[in-house]
Amino acid sequence: MLVLLQVVLGFDNLLYISIESKRVEESQQSKVRKLGIGLAIVFRIVLLFVVLHLVTLLESPFYEVTSHFVTAEISGHSLIVLFGGAFILWTAIKEIYHLLAIHEVGEGSEKKAKQTVGKTVGLIVLMNLVFSFDSILSAMALTKNFAIMATAIIISGVLMIWLADRVAEFLKKNRMYEVLGLFILFIVGVMLTSEGGHLAHLHLFGHEVLPMAKSTFYFVLAVLIVVDVVQSRFQKRLMAEQAAAQQKAV
């Protein structure tokens, strides 16, 4: 059950890893993905140990904000989730902007300056921890046994290493699905940000920030995938009809 939970909740993590790893040289991308996930497994186990022993401190508010426009009770948990959600939103918006940016003829995304391996691995590990925080808290509802949870983290981590190159290769061969992946990442950012606001009991102009339900997230995810598949098939049909019409004209 824990392995299945980690794998299901790790899908958006794999998507982020695939997108982030493209920032380094192509020859280093597979190495970056495997190294980032490998280090993240170690830090996840450390995080698991910390959360098990300090969960009450992380859940307890340490700072309160009170004004006419904003009220909030900031805790360690809410701060981590808010930061992670905001960072993922920024990453998704930035990548969508790069996709829409007009390049000079002969220039492309490969002309963009590449990140260092160390920086990219660091970002993958950091965001892996953000993604894993909620999965660890969910796992604690099933068991408090450290050994069982650590084993599940290791198994799911090995599965992620195995899947990471395959997901990246799929996105590389099917560039149209990269847009879908970025919008899924954007929704993940919205979900995490709303959840962080809810954990902080955030109220904006007297209105409480409510978390996006997981069922809503998966429903939106399914709708996005169906729309993308239908649109791509319809586009292929239109292109085939245009090609047939041009052949008849000739």
Side-chain angles (χ1 to χ4, degrees), residues 2-52 80-81 83-92 94-95 98-99 108-139 146-175 177-178 180-182 184-186 188-189 192:
L2 287 177
V3 171
L4 182 62
L5 176 69
Q6 293 285 334
V7 170
V8 171
L9 295 177
F11 170 76
D12 44 13
N13 198 354
L14 272 178
L15 200 57
Y16 175 81
I17 291 168
S18 299
I19 293 170
E20 191 65 38
S21 63
K22 293 196 312 176
R23 300 178 186 278
V24 302
E25 297 295 337
E26 188 171 353
S27 59
Q28 299 287 324
Q29 289 177 10
S30 179
K31 173 186 173 183
V32 162
R33 288 189 287 267
K34 291 174 182 175
L35 182 59
I37 297 172
L39 288 173
I41 292 172
V42 176
F43 285 113
R44 271 192 179 197
I45 294 173
V46 174
L47 178 64
L48 171 63
F49 181 82
V50 171
V51 170
L52 282 173
I80 291 171
V81 178
F83 167 77
F87 184 82
I88 291 168
L89 276 174
W90 175 76
T91 300
K94 183 176 66 173
E95 289 300 318
H98 285 156
L99 286 178
S109 57
E110 67 274 4
K111 296 292 183 181
K112 293 189 293 185
K114 298 293 185 181
Q115 282 186 175
T116 62
V117 170
K119 180 180 179 182
T120 306
V121 169
L123 286 172
I124 288 174
V125 171
L126 179 62
M127 294 314 300
N128 200 296
L129 292 177
V130 172
F131 279 117
S132 66
F133 198 90
D134 276 354
S135 66
I136 287 174
L137 291 176
S138 300
F146 176 81
I148 292 175
M149 286 192 279
T151 302
I153 287 173
I154 293 171
I155 294 173
S156 62
V158 172
L159 286 174
M160 284 181 64
I161 291 174
W162 180 71
L163 287 171
D165 285 349
R166 287 160 176 78
V167 171
E169 192 63 26
F170 176 81
L171 290 177
K172 184 178 177 181
K173 291 180 179 178
N174 302 272
R175 292 297 305 277
Y177 289 109
E178 188 174 341
L180 173 64
L182 288 173
I184 291 174
L185 205 62
F186 178 84
V188 170
L192 284 177

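Note that the structure is a prediction, hence the values are computed from the model and not measured.
For Phe186, there are no ring-ring contact (aromatic ring centres under 6.0 Å, His included) partners, not counting sequence neighbours.
Residues Ile161 and Ile41 approach most closely at CD1-CD1, 4.4 Å, considering heavy atoms.
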Could you give the side-chain donor-acceptor pairs of residues 30-40 under 3.5 Å, partners two or more places apart or in another chain?
residue: Ser30; atom: OG; partner: Asp165; partner atom: OD1; Å: 3.3
residue: Ser30; atom: OG; partner: Asp165; partner atom: OD2; Å: 2.8
residue: Arg33; atom: NE; partner: Asp165; partner atom: OD1; Å: 2.9
residue: Arg33; atom: NH1; partner: Ser21; partner atom: OG; Å: 2.9
residue: Arg33; atom: NH2; partner: Asp165; partner atom: OD1; Å: 3.1

